[in-house]
Amino acid sequence: MRIATWNLNSVKARLPRLLTWLELRQPDVLLAQETKATEQSWPAGELRNLGYESAHLGTGRWNGVAILSRVGLDEVTRGLTGQPEFDGAVEDRAIGASCAGLRLWSLYVPNGRQVGHQHFDYKLRFLDAVRAQAVAERAVRGPAAPYGLLGDFNVAPFDSDVWDIAAFDGATHVSTPERAAVTAIQQASPDSPLHDLMPRASIDAVDARPPYTFWEMRMLGFQKGRGMRIDLALVNDALAQRVESAWVDRDARRGEGPSDHAPLVLDLTD
DNA sequence: ATGTCGTGCAAAGCACGA
C-alpha cells in the first residue's frame, strides 16, 4: 500500500501533472493541499476515472485540502475541532478520513508570514488545534489504530531541514515556538508518540541529498538546491511499524509547470 | 530583501499570498 502527501499549489493548474503522476506512481491514498478549488471546480470526475474516490474542502482562491483514495474513504471530517479563525473565518486547511483502516489527516498549516505577525500567532494556534485533535482521536481510537497527520506543516523541524540555516535567521519555519508546537503535537499522547518520518531525498534506494520537499519558485530555488523539508508525516507506532520506505518524489518538481512542493511518499506493508 | 508562480477582479494590469 502506498500513501502520499502533496501540496499541489492549485489543482486546476496542476491537473495534467496530477493525473500523470497518479498513473505513474499509483498511490492508494493521496492527501492534497492548496487545491485552490471550490466544490464545483474540484475535478472529482477525472479522479474517479482513475479509480479514486475523493473528499475535498475548499471555497475558492486560497487554501483547500483533499483526500483521494482507491482503498475506501470513510469517516470524512472537514476541519479541526476548535480550529482557530483568521480574519473571522475558519479556513480550508484540514480534512481527515479513514482509508483501509488508516486514520489520516491532510493538513495545510498557515505560513505565518513573519515572526510576530498576527498570521504567525494564527499558525501557532492552528498547530495547537492539530495537537488537540490528535489527543481527542487517540482517546477515542486507542494507540493500536494506525494514525497519521500528513501535509504541509510550513515548519522545518531541524536546522538541517533547510538549505542554509544562516539564511533563515529570524525567519518563520525554523523558529523555536513553531518547532515546539510540532514537538508538542508529536508528544501530545506520551504513551503513543507521533514519529516524524524522515524520507530519502528521492525514489532511489540510496540518496545522500537532504530530503527537501519544497523549493522556492523565485530565485530558481530548485535549480540551486535551495530547499526545505516542510511537508511532514507524523505517524503513531501502529502506522510507523508498517512503513517500509519513505521518500520524496523530487522528479515531480522537475520540468514544465511543477508545484513548488514535491510529494512525500510512504510505502507500507499490506 | 526577491528576480516566480497562481488566482481573481475587472479587464491584458494589478493586488495578494506563498
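Here is how names work: the chains are called A, B, and so on, in the same order as the sequence lines, proteins then strands, and each is numbered from 1. No experiment lies behind these values; they were computed from the predicted model shown. Computation of the quantities below employed the complete heavy-atom set of this structure, encompassing side-chain atoms and omitting hydrogens, waters and symmetry-equivalent molecules.
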Whole-Å distance separating the [atom1] atom of [X] from the [atom2] atom of [N]:
X: A:Glu34; N: B:dC16; atom1: CD; atom2: P; answer: 18 Å
X: A:Asn63; N: B:dG6; atom1: CG; atom2: P; answer: 17 Å
X: A:Tyr108; N: B:dG17; atom1: OH; atom2: C1'; answer: 8 Å
X: A:Asn9; N: B:dT4; atom1: CG; atom2: C1'; answer: 10 Å
X: A:Phe153; N: B:dA18; atom1: CZ; atom2: P; answer: 17 Å
X: A:Gln40; N: B:dT7; atom1: CD; atom2: C1'; answer: 17 Å
X: A:Lys12; N: B:dC5; atom1: NZ; atom2: P; answer: 18 Å
X: A:Glu216; N: B:dG6; atom1: CD; atom2: C1'; answer: 14 Å

- Query: With a 4.0 Å cut-off on heavy atoms, is A:Arg226 in touch with a base, just the backbone sugar-phosphate, or nothing at all?
  - Reply: nothing
- Task: Indicate, with a heavy-atom threshold strictly under 4.0 Å, whether A:Phe222 touches base, sugar-phosphate, or nothing.
- Result: nothing
With rounding to whole Å, what would you report as the distance between [N] and [M] at their [atom1] atoms?
N: B:dG13; M: B:dA1; atom1: C1'; result: 24 Å
N: B:dG3; M: B:dC14; atom1: P; result: 14 Å
N: B:dA18; M: B:dA12; atom1: C1'; result: 24 Å
N: B:dC16; M: B:dA10; atom1: P; result: 14 Å

- Query: Are any of A:Arg218's side-chain N or O atoms less than 4.0 Å away from OP1 or OP2 of B:dA1?
  - Reply: no
- Counting only side-chain N and O atoms of A:Arg113, is one of them less than 4.0 Å from OP1 or OP2 of B:dA18? yes
- Message: Within the structure provided, determine whether A:Ile67 and A:Leu30 are in side-chain contact (heavy-atom separation under 4.5 Å).
- Response: no
To the side chain of [X], which of [options] is closest?
X: A:Met219; options: B:dA18, B:dT2, B:dC16; answer: B:dT2
X: A:Lys36; options: B:dT2, B:dG17, B:dA15; answer: B:dG17
X: A:His119; options: B:dT7, B:dT4, B:dA18; answer: B:dA18

Is [X] salt-bridged to [Y], going by a charged N under 4.0 Å from an acidic O?
X: A:Arg103; Y: A:Glu137; result: yes
X: A:Arg254; Y: A:Asp251; result: yes
X: A:Asp204; Y: A:Arg200; result: no

- Query: Do A:Asp231 and A:Thr5 have a side chain donor and acceptor closer than 3.5 Å?
  - Reply: no
- Message: On DNA chain B, does the nearest nucleotide to A:Gly257 precede the nearest nucleotide to A:Asp260 from the 5' side, or the other way round? Give the residue.
- Response: A:Gly257
- Start at the 5' end of DNA chain B and walk down; is the nucleotide closest to A:Asp152 or to A:Lys224 reached first? A:Lys224
- Task: May I ask you to check if A:Arg229 and A:Tyr212 form a cation-pi contact, with NZ or CZ under 6.0 angstrom from the six-membered ring centre and within 45° of the axis?
- Result: no
